[in-house]
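Remarks on the structure that follows.
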Amino acid sequence: MKNFTRKIWGTVFSLVLLVSLGTTIALAQTTISGTVTDAQTKETLVGVNIIVKGKVIGTITDLSGKFTLNVNQDPPFTLVFSMVGFNSKEVEVSGGMTNLSVELAESSILGQEVVISASRVEESIMKSPVSVEKMDIIAIREVPQASFYDALNNMKGVEMSTQSLTFKSFNTRGFNANGNVRTVQMIDGMDNQAPGLNFSVGNIVGISELDLESVELLPGASSALYGPNAINGILLMTSKNPFQYQGLSANVRTGLMHESGRSQPGTGFYDFSARYAKAFSDKVAFKMNVGYLRADDWQANDFRDQSLANGFGFDGNRGTNPGYNGVNIYGDESTQNMFTVGQSLVQAGLLPQAALGIIPETQVSRTGYAERDLADYNTKSLKLNAALHWRLNDRVEAIFQGNYGFGTTVYTGADRYSIANFNMGQYKAELRGANWFLRAYTTQERSGDAFAVGIAANAINEAWKPSETWFGQYVGAFAQAKLTGATDQAAHTAARGVADQGRFQPGSPEFQQALAATTSTPIPGQFQTPPRRIGSQFVDKTNLYHLEGSYQLTDITWADFVVGANYRIYALNSEKTLFAVDENGDEFRINEYGGYIQGAKRLFDDKFKLTASVRYDKNENFDGQWSPRVSGVYSINNHNFRGSYQTGFRIPSTQDQYIDLVTPQARLLGGLQFFRDRYNFNANPVYSLATVTAFGNAFLDSTRDPAIQQLALAEAQRRAEEAIRNGQLPNNPQAIQAFIAAAVPQLVPVFAAQANQDKLTTFQLTQFRPEKVKSFEIGYKGLYSNRLLIDAYAYFNRFENFIGGQVLIQDRNPNPQNPASALGINLLSANTRNVYSIPVNRTEIIKSWGWALGADYKLPKNYSIGGNVSFNTLSNLDELAETGFQPAFNTPEYRYVINFANREFVKNLGFAFSYRWQGEFVWQSSFVAPAVSSQQLSVMPAFGTFDAQFSYKLKSLKSIIKVGGTNLFNDGYRQAWGNPTVGSMYFVSLTFDEFLN
């Protein structure tokens, strides 16, 4: 890996050297200088970007609105003047000019944005071949939310899953998830996904808002140009070039977070960021960014009872339901049947046989701990960025960039995870021309002190008192209380008091010591035999190495072509705790490569643009994937009609491929054939948990069936007679009776299992493949009277090879000569079976469709009103329900957003209001308790939020003060099962920008 890295960086630096040496040739030089002003106010404009068309050379206007530019080329050539909020202007230069005067008109027409994400080339957003959303600098500055990342929720069809203040996952078009692996998030062309923990890290280690130039979102399948995993959408964030955006800028934001269910309802938050950029000449520029946020996080405080045990629903609590399992209470997942425990106590001689008559078949759970007692809610986020831009000549710019993020947050997966002191660095070297780029970068992930909250709670309980002891004490104390005449409720209270005596209390030295012990021990620790030490720490130091390039073929005149390719390596490193190792004891590397070509042709007098592309990607563990896309846009005046067909795919994540982790519940395995061979699935078959459960229930019923008991008795008598004939048993009534009494309990399970063999079918594993989606979309963008912008689309998706988790059961000690093994009885006991959880491809075809409509209208006096509504659904949900498959669509059918704003309704004073609503839906994930999930009861209620901000420009101080709040109705809401309750935020911010106009 080190050799590969050295080769990549060596190649980049060699290219830089070769290009820079090519700039030593003496060229003619033309000097242009002048002033840029606002066409309406005649005021000079600061920070206007000026470039030579078709080259990378350029400059910006200074604090006086003036500029000077030296061009190594004889005229004629074209200068392009551009600035956010103004219409771009091209000026032909025929000779040296020293007093050029350029006026830019403020952009007052909707739909003038230029995007690059839809086709990897610049084009009008109105004529994009697929749906695309964009926020520019002004839109980012004016959002009514506390940050631009929160404002993504205002985009058409976008939904968020808030797992903490700084950890949010965006999604489009269904199949929402925490840490969504079906969407891709990129910063300056670098994939922002944590390569080992497999989630896009939201904005905890993302981009500083001060350095953000634009955000572009492509909803739906985007693999044709962007490769694997952009199956549900891609988010592209572009930072500011230090040549174009110079000077000092800083922001201070503070305020109050309030949610009534938190330990302390109201707490402050503090957010500071600064940016400095400087161009030493028209050749070299650099920038630096720093951002730091600290807050007391939103808290996961859903204490409803999700056990659904003992006849209780969500209204159960610890005082009424002995089997209580709170959604955000951990450690109480450990449960036992009291009667079963009582039987064990009787067999061990610790309880008289008569006591079984007063012990009910009631589920009892251990006393758990609230998430607030375990997770680190002291949220913090540090972001550092530095970049050097070096224009090697007029056509090539070299960029050396480093992004580093460090933070503490909370994330929801199969468990809640306290991501404490997580850090990730991304480091890039790039060569870029007007129509090409070559980029190499690496992502270095370090999990820090991350740990699984639920596992930690169980570890603390086990460290204090093993479950065998706790449940035995509980049942014994219950029986004793009942014998003294106590009611069931009083007996349960007394039993818990006895079993919990001496329990580690949250915050006590003993509790903190036990918490520190488990969170410093990597998963899984040692929990099979006493003394147990369960590990809850995640150790991951996985690195990603990526090389890619793209070239726009400008010499071909009859069509526009773009080609590109990439190569990627994942170097897994969990210090042999999370991932499997090979025969040499090393963790695996995963190699991927891909390439694409796209062609675009204008037809019918340039009214119709046809675009076609195809991409091929290969991961070493899977067959190659082809991703074609065809789109057409018909434009007439300000009306644009589009249609497209495209495919997308998701290569299973690094954990889906290579995880090999023992947990107290199951061994988590990757889906590759490698694991099926290693754990002998072919010779020792596996069974689905549903199959084993059905077999177990039928088996238990059969053991109580008189007919089965009669068969067992008859067989015992036959064996007794045979033993007498062979001289192995004395022929007297007492010996015969003892023989039969001992044989019947052994034979009943055998006959019960034989009677239900038809229910025990092996699970047929298929080849593990990437997910695929085929997507059809039609859309329309139209501008009416330069005031009303309409944007609408409808899509139809077909998913194949959908990846979902599967629990499999295997006999731990297979032996055909042992009836318990041969008949599947071993599968029913935790002591004689192996439990695996692996990802598999579902055979069902999943069909979804939806639509969205957005409208923006410019009212008189600079007022604007707009909004959007979207609809998403599964079209074959009933068909999927028949197979018992839960596709985790996790998306409300309807959601809408309404915006009302004026950037300057009186001099220097503006405002923005936003109301967002979404309907209820069922959330499906591995975090949901099985009893709740099986009955589809994990409903996320509908909610609406109102956000607002007022901003005032202090022009003399080159600053903007902003006062606002989110969720101003103060109705707490959750966006996913088990996630925190989000309350209100009230904030005030002051932004200084040296180049503020």
Side-chain angles (χ1 to χ4, degrees), residues 163-167 178-179 193-206 292-300 328 330-331 369-384 404-425 443-460 462-463 504 506-527 533-543 572-579 587 655 659 661 663-664 980:
Q163 295 138 78
S164 75
L165 176 65
T166 56
F167 200 131
N178 296 311
Q193 186 183 69
L197 295 180
N198 298 147
F199 48 70
S200 290
V201 293
N203 205 35
I204 181 177
V205 291
Y292 182 75
L293 177 146
R294 194 192 71 76
D296 292 327
D297 211 337
W298 301 123
Q299 295 187 3
N328 293 128
Y330 308 98
Y369 295 98
E371 181 174 302
R372 63 182 60 159
D373 299 326
L374 299 154
D376 189 347
Y377 281 149
N378 182 26
T379 289
K380 53 184 178 289
S381 174
L382 172 67
K383 302 171 189 173
L384 301 174
Y404 175 80
F406 172 91
T408 293
T409 187
V410 186
Y411 161 67
T412 311
D415 200 339
R416 284 279 283 173
Y417 301 95
S418 182
I419 310 294
N421 301 321
F422 173 86
N423 63 93
M424 192 169 83
T443 301
Q444 312 273 317
E445 173 197 337
R446 301 295 179 264
S447 56
D449 300 316
F451 67 93
V453 174
I455 294 177
N458 280 287
I460 294 171
E462 295 296 333
F504 295 163
S508 68
E510 297 83 4
F511 176 89
Q512 294 302 128
Q513 183 179 357
L515 178 62
T518 181
T519 58
S520 62
T521 302
I523 293 175
Q526 198 288 112
F527 61 85
R533 179 164 180 170
I534 299 174
S536 59
Q537 181 189 33
F538 269 85
V539 177
D540 191 72
K541 300 177 180 179
T542 294
N543 295 334
L572 304 183
N573 180 10
S574 65
E575 296 184 352
K576 304 179 182 180
T577 61
L578 297 178
F579 296 112
E587 294 182 74
Q655 290 191 28
I659 194 170
L661 175 65
T663 72

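- From Phe406, atom CZ reaches atom NZ of Lys380 across 5.5 Å, with rounding to the nearest 0.5 Å.
- At distances below 3.5 Å, not a single donor-acceptor pair connects side-chain atoms of Ser381 with backbone N or O atoms of Tyr292.
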Set out, in order, the CA-CA distance, both residues' side-chain angles and the distance that settles side chain to side chain contact (heavy atoms under 4.5 Å, CB included) for Gln444 and Asn543, then state yes or no.
CA-CA 5 Å; Gln444 312 273 317; Asn543 295 334; 3.1 Å; yes
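- Among all heavy-atom pairs drawn from Phe511 and Leu374, the shortest one is CZ-CD2, 3.8 Å.
- Using a 4.5 Å heavy-atom cutoff, the side chains of Ile523 and Thr577 are not in contact.
- In this structure, the side chain of Ser536 engages the main chain of Thr518 through a donor-acceptor pair within 3.5 Å.
- Counting heavy atoms from C-beta outward, Tyr417 and Asp415 have side chains that approach closer than 4.5 Å.
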List the steps and the verdict of side chain to side chain contact (heavy atoms under 4.5 Å, CB included) for Phe422 and Leu197.
CA-CA 11 Å; Phe422 173 86; Leu197 295 180; 4.1 Å; yes
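- The nearest pair of heavy atoms linking Ile659 to Leu578 is CG1-O, 3.3 Å.
- Residues Thr379 and Thr166 bring no donor and acceptor atom of their side chains to less than 3.5 Å of each other.
- Nearest heavy-atom pair across Thr408 and Asn421 is OG1-N, 3.0 Å.
- Within the model, atoms CG of Asp449 and CZ of Phe538 stand 14.0 Å from one another, a figure rounded to the nearest 0.5 Å.
- The CD atom of Glu445 lies 8.0 Å from the CG atom of Asn198; values are rounded to the nearest 0.5 Å.
- Closest of all the heavy-atom pairs between Gln193 and Met424 is O-SD, 4.3 Å.
- Between the side chain of Ser418 and the backbone N or O of Asp376, at least one donor-acceptor pair lies under 3.5 Å.
- Atoms CD and CG, on Gln163 and Asn178 in that order, are 3.5 Å from each other to the nearest 0.5 Å.
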Stepwise, does the side chain to side chain contact (heavy atoms under 4.5 Å, CB included) test hold for Phe504 with Gln512?
CA-CA 9 Å; Phe504 295 163; Gln512 294 302 128; over 6 Å; no
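- The closest side-chain heavy-atom distance from Ser574 to Gln655 is not below 4.5 Å.
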Applying side chain to side chain contact (heavy atoms under 4.5 Å, CB included) to Leu384 and Tyr404, what does each step give before you reach the verdict?
CA-CA 5 Å; Leu384 301 174; Tyr404 175 80; 4.2 Å; yes
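- Between the side chain of Ser164 and the main chain of Thr409, no donor-acceptor pair closer than 3.5 Å is present.
- Inter-residue side-chain proximity for Phe167 and Val410 is flagged as unmet; no heavy-atom pair is nearer than 4.5 Å.
- Between the side chain of Glu587 and the main chain of Glu575, a donor-acceptor pair closer than 3.5 Å is present.
- Pairing each heavy atom of Arg533 with each of Ser520, the nearest pair is NH2-OG, 3.9 Å.
- Residue Gly331 comes nearest to Ala457 through the heavy atom pair N-CB, 3.7 Å, listed as atom of the first residue, atom of the second, then distance.
- With Arg446 contributing its side chain and Gly425 its backbone, the two residues share no donor-acceptor pair below 3.5 Å.
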